[in-house]
Amino acid sequence: MTALPLHYLGACTRRHRRHPDIYMKDTIISLLEGAVDALKHQGVLPNDLTPTIKVDPTKDKAHGDYATNLALMLAKPSGMKPRELADTLVAALPASDAIQKTEIAGPGFINFFAATDAAAQIVAQVLDSGDAFGRSLIGKGEKVQVEFVSANPTGPLHVGHGRGAAIGDSLCRLLEATGYDVTREFYYNDAGAQIKNLALSVQARAKGLGPDDASWPEDGYRGEYIVDVANDYMAGKTVTADDREVTAKADADDLDAIQAFAVAWLRREQDLDLKAFGVEFDVYFLESSLYEDGKVEATVEKLVANGHTYEKDGAMWLRTTDFGDDKDRVMRKREGGYTYFLPDVAYHLNKWQRGFKTVINEQGADHHSTVTRVRAGLQALEVGIPTGWPDYVLHQMVMVTRSGVEVKLSKRAGSYVTIRDLIDEVGRDATRFFLAARRADSQLTFDIDLARSQSNDNPVYYIQYAHARVCSMLRKAEEAGQPFDHSIATAHLALLDSDQEKAVLNRLARYPEVVEHAAKNREPQQVAQYLLDLAGDFHTCYNAVKVMVDDDTLRNTRLALGLATRQVLRNGLDLMGVSAPEEM
RNA sequence: GCGCCCGUAGCUCAGUUGGAUAGAGUGUCGGCCUCCGAAGCCGAAGGUCGCAGGUUCAAUUCCUGCCGGGCGCGCCA
């Protein structure tokens with residue numbers, strides 16, 4: 001038995017996963033495969049042809065529901081004119097009840113018009129699957145680690161962290177929905193120079209100094225929260241953060257005690273903000289632990305032993321230029337102590353050793369220079385880590401405007417907009433949606449005035465409103481003594497035959513693919529875009545087709561479409577960490 | 001100067017990995033509630049997809065070069 005071409009096997013698994021009876025697109029693909037095979041046997045097409053068959057939903061309903069460019073792709077290798085080949089392919093298509101008719105259009109597209117009852121089966125599929133609709137096992141349970149936010153514990157989280165949190169968490173939800181075993185991880189840089197700066201700042205406040213005093217530490221943190229930390233420290237308070245509890249010594253001269261307290265204080269602060277944002281981590285990884293466990297030293301020794309280091313100007317350098325960097329990097333400073341990048345390498349080695357073949361780091365693009373550096377360091381370890389590991393998702397800067405004026409993001413100035421500000425002013429749902437609904441690699445303008453205006457402009461309300469509308473219809477039906485009857489509804493789905501209803505049906509059918517695509521490309525904004533489209537289709541349909549009619553069959557069938565829409569809206573919103581309210 | 005990212009309607013942004021007449025929101029103008037929620041719907045107007053080449057049957061999408069903007073180019077993280 002000869003092996004099947006790879007694409008063919010792919011198509012087989014795809015069909016089995018997606019139920020060709022339900023998913024029109026896969027039905028069409030398998031029909032086209034049948035046609036291609038038939039034409040090969042007839043000698044019309046060359047036998048060694050292994051086309052990747054692409055079927056897309058149409059933009060214009062005049063072009064039917066789905067279209068393929070197959071005839072255009074095969075025109076050259078078959079030596080036929082595109083439209084002629086399209087005719088031949090259509091003639092060779094196996095018979096199917098799912099297709100009402102086909103047309104050949106334009107330069108040689110084949111347009112498929114779905115039979116209404118076949119297309120409408122998606123409603124039954126959605127209702128049967130419920131929360132599981134759109135979920136898949138593509139990831140096969142493979143372990144994936146996503147590191148995101150990873151803010152320094154030196155201040156409250158700002159909008160940039162918020163974007164990272166929204167994108168990172170949504171990405172995790174997408175990966176979970178596609179069958180991956182996801183670990184959410186937050187890396188705390190609690191061992192570097194900026195932490196000493198934090199301790200000095202708190203100490204200065206504890207001694208009653210302010211940023212304008214002559215002895216205020218250079219580059220000290222000026223934010224008001226430093227005062228709060230200092231007051232709590234001097235009051236001998238106890239704070240709990242993640243895994244540890246720290247009680248203040250109330251001694252303004254003990255810098256180590258101040259540092260331990262301040263870090264715990266700010267970690268607690270950040271954790272509370274993240275919780276309010278609906279984001280929770282599985283692992284909080286402390287940079288300091290890498291020193292305590294000797295991981296940093298071990299990493300240095302390995303790099304030295306591999307011969308990738310050298311001494312210069314009293315410092316120790318890593319020859320990262322051997323691995324694609326544009327210049328070598330200092331790993332141990334002249335005055336002793338390591339640069340941040342060394343523990344970074346040690347940390348990522350640790351991720352690898354924990355068995356994560358896929359690691360995704362979600363970070364601000366202002367740190368993109370670390371990408372090459374960390375990868376280079378990992379290569380220099382020579383422990384079999386693949387080139388280009390780990391993956392990165394970098395988000396561009398967030399500019400915040402208020403009253404049309406940019407609000408500067410300056411941690412040192414202490415006047416930046418925090419996640420907490422946004423949650424309090426705009427609400428969690430809107431904040432999460434805004435921050436995750438745009439491509440990570442384009443800059444984002446967050447207009448506080450616009451976002452806080454509680455009404456009209458907010459796209460998330462548009463989606464939530466569609467959800468609440470369906471809930472309202474169901475309540476209405478209950479009140480009228482005509483509760484939804486599932487068995488009546490799903491037996492007559494062919495009644496969903498208006499243009500508006502068909503638009504919703506086609507949109508629903510696309511959801512699993514959208515989730516798969518968004519997860520694969522690490523682009524949560526595709527889910528946001530889809531939800532806006534689905535909500536739009538639904539609102540249009542709602543205005544065009546009256547649901548609460550006297551006819552039991554018609555009413556229940558239309559309710560079923562609403563219910564299926566509600567289910568998909570709910571599933572999609574959940575992927576973004578946004579709630580699906582029953583009333584607004 | 002070098003590296004990464006971006007440039008699409010007045011504004012904010014999508015564009016399903018190369019498809020047909022480039023979409024949505026917002027803003028402007030005009031319609032739709034004695035009717036399931038008007039936070040909604042319908043219509044109009046608004047574009048040399050930064051510019052110029054190249055690859056292709058087909059380019060907003062891929063390649064090259066410019067122009068413009070952001071970020072980075074620390075023995076900071």
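Letters A, B, ... are given to chains in the order of the sequence lines, protein chains preceding strands, and every chain is numbered from 1.
The pair Arg438(A)-Asp441(A) does not meet the salt-bridge criterion, since no charged nitrogen lies less than 4.0 angstrom from a carboxylate oxygen.
Computed from coordinates, the Leu342(A) CG to rG74(B) C1' distance equals 16 Å when rounded to whole Å. Nucleotide rA77(B) holds its C1' atom 10 Å from the OH atom of Tyr187(A), rounded to whole Å. Across the protein-nucleic acid pair, Glu218(A) atom CD and rC76(B) atom P stand 14 Å apart, rounded to whole Å. A straight line from CZ of Arg373(A) to P of rC73(B) spans 8 Å, rounded to a whole angstrom. One can place CZ of Arg439(A) at 7 Å from P of rA14(B), the figure rounded to the nearest angstrom. Across the protein-nucleic acid pair, Asn111(A) atom CG and rU21(B) atom P stand 13 Å apart, rounded to whole Å. For the pair Gln194(A) CD and rG74(B) C1', the computed distance is 14 Å after rounding to whole Å.
Comparing rC57(B), rA77(B), rG40(B) by their nearest atom to the side chain of Tyr465(A) picks out rG40(B). Side-chain proximity of Pro107(A) to the nucleotides rA39(B), rA77(B), rG19(B) is greatest for rG19(B). Closest contact between the side chain of Pro57(A) and the listed nucleotides rA14(B), rA77(B), rU16(B) involves rU16(B).
Residue contacts for Ala468(A): at a heavy-atom cut-off of 4.0 Å it reaches a base atom on one of the strands shown. Asn521(A) comes within contact range of at least one nucleobase, with a heavy-atom separation under 4.0 Å. Counting non-hydrogen atoms under 4.0 angstrom, His539(A) reaches the backbone sugars and phosphates but no base. Residue Gln525(A) is in sugar-phosphate contact alone, with no base atom involved, counting any heavy-atom pair closer than 4.0 Å across all strands shown. Within 4.0 Å of Met316(A), counting heavy atoms only, lies no atom of the nucleic acid at all. Among the protein residues, Ser442(A) comes within range of the sugar-phosphate backbone only, with heavy atoms under 4.0 Å from sugar or phosphate atoms but none that close to a base. As judged by a 4.0 angstrom heavy-atom cut-off over every strand, Ala105(A) is placed among the base-contacting residues. Within 4.0 Å (heavy atoms only), Asn189(A) reaches sugar-phosphate atoms of the nucleic acid but no base atom. Among the atoms of the strands shown, none is found under 4.0 Å from any heavy atom of Asp533(A). Contacts of Arg438(A) with the nucleic acid, taken as non-hydrogen atoms under 4.0 Å apart, involve only primed sugar atoms and P, OP1 or OP2. In this structure, Arg329(A) reaches neither bases nor backbone, as no heavy-atom distance under 4.0 Å exists between it and the strands shown. Residue Lys59(A) is classed as a base contact, given a heavy-atom separation below 4.0 Å to a base. At a threshold of 4.0 angstrom between heavy atoms, the contacts of Tyr462(A) are confined to the sugar-phosphate backbone, with no base atom among them.
OP1 or OP2 of rG37(B) lies within a sub-4.0 Å distance of a side-chain N or O belonging to Lys476(A). Residue Arg469(A) has a polar side-chain atom (N or O) positioned under 4.0 Å from OP1 or OP2 of rA38(B).
A donor-acceptor pair shorter than 3.5 Å can be found between the side chains of Tyr310(A) and Asp328(A).
The residue among Ala193(A) and Asp60(A) whose nearest nucleotide of RNA chain B is located toward the 5' end is Asp60(A).
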List the steps and the verdict of side chain to side chain donor-acceptor pair (under 3.5 Å) for His395(A) and Arg439(A).
-> CA-CA 8 Å; His395(A) 65 261; Arg439(A) 292 175 55 89; over 6 Å; no
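The glycosidic torsion of rC29(B) lies more than 90° away from 0, which places this base in the anti conformation.
Ring to ring, Tyr392(A) and His368(A) are not that close: their centroids are 6.0 angstrom or more apart.
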Could I get a table of every N or O pair under 3.5 Å where one atom is in the protein and the other is in nucleotides 42-46 of chain B?
| residue | atom | partner | partner atom | Å |
| --- | --- | --- | --- | --- |
| rC42(B) | OP1 | Thr540(A) | OG1 | 3.0 |

